[in-house]
Amino acid sequence: MQDELRARIVLDEAGPAPGTGHVTGVDVAYDDERDVVAAAAVVLDAATLRVVAEATAIGRISFPYVPGLLAFREIPTVLAALDALDRPPGLVVCDGYGLAHPRRFGLASHLGVLTGLPTIGVAKNPFTFAHAGPDTPRGSAAPLLAGTEEVGRALRTRDGVKPVFVSVGHRTGLDNACAHTLALTPAYRLPETTRRADALCHRALREATGQPEPGTHQSFGRPVD
DNA sequence: GCGACAG
DNA sequence: ATCTTGTCGC
C-alpha cells in the first residue's frame, strides 16, 4: 500500500512560507489497557504561535506499533481530529517521518497524501539513516542519508541539545520544512505544534478514560506523607 | 539468523 | 508510545 501511495506525494511545491498563515500540530496518545486512543490537532498562528483552534478525537486501537507502519496505527484517529477542526489546518506538523522512511512513505507523507495538505515530519529519534552530528549552535543541520539521497535532516533546535529529525511529508520542500521547525522552536527542542498537540491528546485520553488523578499531565504527583 | 527499529 | 526516580542545570 505504501509503495502504491508513494507515487502521489507532491514534491515540487515549496510549501507555505514560515511565519505566515496557520500551522497545525497533530499527536496521539494510547491506553493499551482500555484499548483507547486519543488524537489531537492544534492550530497555531504561525507568526505569534498562539493557539487559534483545537480539536480531539477518541477511538479504539486498531493496529499495533510496527516500525515502518506507524501511519496505520496513528492516522485514523488523527484524521478524525483534523476533521473536527473548525478551520483549515494550513501546514501540518507530524510526530515522526515523511520521506525519511524505509519505503519513503512515513506518517507525514501518508497523512499528506490522504488529506492533500502540506505536511512535514519532525521526529525525536533517528530511524535507520546515517547522519553526522550537527554543529553545536541552534540552526545547525546534518543530512539524513539514504545512500547518497538526502531524505531529511538532523536539525539542532537548541544550542548543544540533541537534534530533531526533519523530513518532508507532502507539498513542502526540505529547506522550508527546516525553516518552519526553527520558527516553531523559540524555547524548546520540540516544535510548539508538537508540544501543544501532545499535551492536548494526553488530556483528552485522561478525560476519556478517567484514569489517573495526579496533578499535571506528566508529573508523578506528590507523595503522601 | 540476529540486531535495529518513527511512535 | 508507556511506566518511573533520581538528578543535573539554568
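Naming convention: chains lettered A, B, ... in sequence-line order (proteins, then strands); numbering from 1 in each chain. Worth saying up front: this structure is predicted, and the values here are computed from it rather than measured. Below, each value reflects all heavy atoms present in this structure, side chains not excepted, and no hydrogens, waters or symmetry copies.
Residue-level contact check: Tyr30(A) touches the backbone only, with heavy atoms under 4.0 Å from sugar-phosphate atoms and none from bases. Nucleic acid contact class of Leu144(A) (heavy atoms, under 4.0 Å, all strands): none. The residue Ala29(A) sits close only to the backbone: its heavy atoms come under 4.0 Å of sugar-phosphate atoms, none of a base. Among the protein residues, Pro126(A) comes within range of the sugar-phosphate backbone only, with heavy atoms under 4.0 Å from sugar or phosphate atoms but none that close to a base. The residue Gly121(A) sits apart from the nucleic acid: no heavy atom pair falls under 4.0 Å.
As a whole-Å value, the separation of Arg153(A) CZ from dA6(B) P is 22 Å. If you measure from atom CZ of Phe63(A) to atom P of dG7(B), you get 17 Å, rounded to the nearest angstrom. At whole-Å resolution of the value, NE2 in His131(A) and P in dA4(B) are 16 Å apart. Counting to the nearest Å, the P atom of dA6(B) and the CZ atom of Phe127(A) are 6 Å from each other. Between Asp198(A) atom CG and dA1(C) atom P there is a gap of 6 Å when expressed in whole angstrom units. Atom CD of Glu74(A) and atom P of dA6(B) are 12 Å apart (whole Å). What separates CG of Asp32(A) from P of dG7(B) is a distance of 16 Å, to the nearest Å. Between the P atom of dC3(C) and the CZ atom of Arg34(A) lies a distance of 11 Å, rounded to the nearest Å.
In this structure, of dG7(B), dA6(B), dT2(C), it is dG7(B) that holds the atom nearest to the side chain of Asp95(A). The side chain of Leu70(A) sits closest to dA6(B) out of dA6(B), dT2(C), dA1(C). Side-chain proximity of Ala123(A) to dT2(C), dA1(C), dG7(B): nearest is dG7(B).
Heavy-atom neighbours of Arg103(A) CZ from other residues, nucleotides or ligands within 6.0 Å: above the threshold of 12. For Tyr188(A), the OH atom counts as loosely surrounded, since its 6.0 Å shell holds 12 or fewer non-hydrogen atoms of other residues, nucleotides or ligands.
For His101(A), no side-chain nitrogen or oxygen approaches OP1 or OP2 of dC5(B) to under 4.0 Å. Under 4.0 angstrom from either OP1 or OP2 of dG7(B) there lies at least one side-chain N or O belonging to Asn125(A). Proximity of Lys124(A) to the phosphate of dG7(B): a side-chain N or O atom is located under 4.0 Å from OP1 or OP2.
Closest of all the heavy-atom pairs between Arg153(A) and Leu174(A) is NE-CD2, 3.7 Å.
A cation-pi arrangement is absent between Arg104(A) and Tyr97(A) under the rule of less than 6.0 angstrom and at most 45 degrees off the ring axis.
By the criterion of a centre-to-centre distance under 5.5 Å and near-parallel planes under 30°, the ring of Tyr65(A) forms no stack with the base of dA1(C).
Of the possible donor and acceptor atoms, none in the side chain of Thr194(A) sits under 3.5 Å from a partner among the backbone N and O of Leu190(A).
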